[in-house]
Amino acid sequence: MGKNSERTKMSDTVVPNDKIRVRMAPSPTGFLHIGGARTALFNWLFAKHHNGQFILRIDDTDVARSTDESMHEIYTALKWLGLEWDEGGDKGGPYAPYLQSERKTIYEKYVTQLLESGNAYYCYCSTEELEAIRKEARSNKSTRSYDGRCRHLSSEATEQYMSEGRKPTVRIKMPDKPIRVDDIILGSRNIDPATLEDEVIVRSNGMPNYNLTSIIDDAEMQITHVIRGTEHLNNTPKQIAIANVLGLNLPQFAHIPLVLDDSGRKLSKRHHGDLVAVNRYREQGYLPEAMLNFVARLGWSYDDKQEIFSVAELIEKFDLDRVGKSGSVFDIKKLEWLNAHYINELDVSARTDAVMSFWEQEGLVDSSTKRDWLEKIVEAVGERLTTFQDIIPQTRYFFTDDFEYESKAVKKWWGGSDEKKEKTCEILTNLGQVLQEVAEFDIETVESAIWKYTDENDIKRVAAMQAMRIALTGTSFGPSLFDIVVLLGRDEVLKRIQRAMAYLSHK
RNA sequence: GCCGCUAUCGUCUAGGGGUUAGGACGGAUGGUUCUCAGCCAUCAAACCGGGGUUCGAAUCCCCGUAGCGGUACCA
């Protein structure tokens with residue numbers, strides 16, 4: 001497999017009897033966005049493909065920003081996508097609890113160990129002091145922004161700080177030997193210890209930090225592979241250093257490239273708002289299959305022929321060795337194409353089910369609306385839906401005649417001049433007459449009657465049809481007009497033709 | 001500033017010393033039809049730059065450049 005052979009080898013180093021365990025570890029500080037969904041998907045696919053386990057851990061050590069609401073939104077999004085987890089979240093499991101905020105005593109044990117072995121120390125620097133240190137380091141072109149000055153605090157200094165009431169943080173002492181980082185996707189490298197600084201591992205409020213909790217939990221929860229975004233790449237050596245000192249087993253790492261916006265920046269809640277929220281796509285009438293298929297192809301490919309992958313195929317074919325190294329732009333056009341594809345694979349009944357809530361939301365249908373009729377509407381709409389919410393603009397006129405005539409359409413097909421309008425009125429009148437007299441109001445009869453009229457009177461089919469289409473729907477495009485006519489019914493059609501003629505003669 | 005990662009059509013990507021550099025989305029054109037969508041056909045569109053290595057480089061190496069990520073008592 002060419003360039004990826006090295007990676008393949010690395011992922012194959014997993015002992016086959018070892019059950020693969022991966023995790024998704026979101027921080028509940030907002031909704032799940034496209035990038036997070038992809039991280040979840042890659043983890044989930046990797047687990048499913050290798051018959052392993054997918055764990056959902058909630059990294060909520062940031063008390064100030066974490067919310068319960070966010071956590072539940074993440075659950076909803078993940079469940080909608082069908083990325084069910086084997087352990088964790090609201091589900092529990094053998095390594096419970098899975099909320100880091102509930103695992104404090106576990107971390108405390110390790111922190112004590114670190115402190116006692118001299119691998120961590122208290123740091124009394126204030127935020128302001130830290131900032132000054134950083135500024136200084138920057139102007140000195142230093143490779144780190146904290147100089148480790150509290151490593152060797154005298155007991156007098158410590159007492160002094162304590163008497164001032166300062167609450168210390170705990171910092172990890174970084175090693176002075178290079179750290180080797182092996183990454184399944186990115187390969188191996190050695191990190192110069194001069195670039196590693198003594199990270200804060202416990203906040204002054206007593207809450208431990210990500211770099212500590214993450215690697216501890218990965219070990220405690222027997223995680224074999226950490227698959228996460230490359231924004232964590234620089235955290236990895238720090239976490240490895242901590243694990244080494246603690247004697248923890250290391251997972252294998254696989255950093256997946258970022259999902260970017262169309263100007264090449266990382267997708268984030270902060271900059272892109274809920275434009276990138278997974279739940280929003282659900283609300284807009286996207287199908288989870290489309291979303292999954294789309295997101296899977298961001299950074300992963302199978303070969304040069306296949307774009308459409310069912311979930312089962314994804315599970316069968318996905319592996320880390322075909323994940324690329326460079327970021328990928330989120331292209332909504334492609335998502336739309338995929339969504340249309342998956343919608344069109346649904347039968348009429350399933351499509352009707354899917355579309356129902358949108359109609360209901362708009363107050364267009366209620367329990368008395370006939371299912372049979374609705375299905376026929378969906379059938380008439382055919383392959384015109386990109387998302388389910390498209391059903392509203394495309395079918396509103398079936399339920400109400402309270403619509404405006406589109407001015408562009410009016411101008412083009414009803415006529416800009418009085419003369420043309422008169423002609424249109426004449427056609428409409430005759431069409432109304434034809435429809436009035438037609439014996440059976442079904443598609444075949446209506447169609448042949450109309451064609452008979454146009455052809456015998458030397459009227460262009462398009463002109464007649466478009467004139468009537470606007471009268472019936474207000475727009476110049478949509479399903480087959482015969483479908484519309486029959487679905488609307490004779491009375492409604494005649495009524496709308498009357499209304500159109502009134503409009504034409506008054507203007 | 002410092003550290004790191006990355007680099008094939010506009011976008012997602014295949015390929016990986018010798019290819020007409022392939023596919024898909026999007027775009028354009030034509031066909032089909034009562035319109036639109038769809039479908040079918042066709043077209044335009046790419047190896048970041050410079051040096052090496054080599055008979056031959058988009059592919060390997062080096063150096064640039066650019067973009068991005070990180071640089072928090074966020075994750």
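All chains are named by letter (A, B, ...) in the order of the sequence lines, taking the proteins before the strands, and each is independently numbered beginning at 1.
Residue A:Asn209 places at least one side-chain N or O under 4.0 Å from the OP1 or OP2 atom of B:A75. The phosphate of B:G70 (OP1 or OP2) has no side-chain N or O of A:Arg144 nearer than 4.0 angstrom. At the phosphate of B:C74, neither OP1 nor OP2 sits under 4.0 Å from any side-chain N or O atom of A:Ser27. Residue A:Arg138 has no polar side-chain atom (N or O) positioned under 4.0 Å from OP1 or OP2 of B:U71.
Within 3.5 Å, a donor on the side chain of A:Arg65 pairs with an acceptor on the base of B:C74, or the reverse. No hydrogens or angles were tested; on distance alone, nothing pairs the side chain of A:Gln306 with the base of B:G23 as donor and acceptor under 3.5 Å. In terms of polar N and O atoms assigned as donor or acceptor, the side chain of A:Ser204 comes within less than 3.5 Å of the base of B:C73 in a complementary pairing.
Comparing B:U11 with B:A45, their P atoms are spaced 16 Å from each other, to the whole Å.
Among the protein residues, A:Ser480 comes within range of the nucleic acid bases, having at least one heavy atom under 4.0 Å from a base atom. Among the heavy atoms of the strands lying under 4.0 Å from A:Arg461 are primed sugar atoms or P, OP1, OP2 only; no base atom is included. Within the nucleic acid shown, A:Pro479 comes within 4.0 Å of at least one base atom, counting heavy atoms only. A:His255 comes within 4.0 angstrom of nothing in the nucleic acid, heavy atoms only. Within 4.0 Å (heavy atoms only), A:Ser328 reaches sugar-phosphate atoms of the nucleic acid but no base atom. Looking at heavy-atom distances under 4.0 Å, A:Leu298 makes contact with sugar-phosphate atoms alone, never a base. Among the heavy atoms of the strands, none lies under 4.0 Å from A:Tyr302. Using a 4.0 Å heavy-atom distance criterion, A:Gly264 is classed as a sugar-phosphate-only contact. Residue A:Glu383 is classed as a sugar-phosphate contact, given heavy-atom separations below 4.0 Å to backbone atoms only. Using a 4.0 Å heavy-atom distance criterion, A:Thr169 is classed as a base contact. If you check every strand for non-hydrogen atoms under 4.0 Å, A:Asn235 touches a base. Nucleic acid contact for A:Gly299: sugar-phosphate only, since backbone atoms but no base atoms lie under 4.0 Å from a heavy atom of the residue.
B:A66 and B:U6 make up a base pair, with Watson-Crick or G-U wobble contacts both under 3.5 Å. The partner of B:G18 is B:C55, judged by Watson-Crick or G-U wobble contacts that both fall below 3.5 Å. Base pairing of B:G38: its partner is B:U32, meeting the Watson-Crick or G-U wobble criterion (both donor-acceptor distances under 3.5 Å).
To the nearest angstrom, P of B:A72 lies 11 Å from CG of A:Asn234. Atom pair A:Lys325:NZ and B:U59:C1' shows a separation of 14 Å (rounding to whole Å applied). When rounded to the nearest whole Å, the span between CG of A:Leu338 and P of B:G23 equals 19 Å. In this entry the distance linking CG of A:Leu385 with C1' of B:A37 reads 10 Å, nearest Å.
Between A:Arg166 and A:Glu129, at least one side-chain N (NZ, or NE/NH1/NH2) sits under 4.0 Å from a carboxylate O, which counts as a salt bridge. A salt bridge links A:Asp455 to A:Arg461: one of the charged nitrogens lies within less than 4.0 Å of a carboxylate oxygen.
Residues A:Cys123 and A:Tyr146 meet the side-chain proximity criterion, which asks for heavy atoms closer than 4.5 Å.
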message: Apply side-chain hydrogen bond (donor to acceptor under 3.5 Å, both in side chains) to residues A:Ser101 and A:Asp60 and explain how you reach the verdict.
response: CA-CA 6 Å; A:Ser101 57; A:Asp60 57 350; 2.7 Å; yes
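Nearest approach of A:Arg203 to A:Thr169, heavy atoms of both residues: C-CG2, 4.1 Å.
No side-chain N or O of A:Tyr210 forms a donor-acceptor pair with one of A:Glu199 less than 3.5 Å apart.
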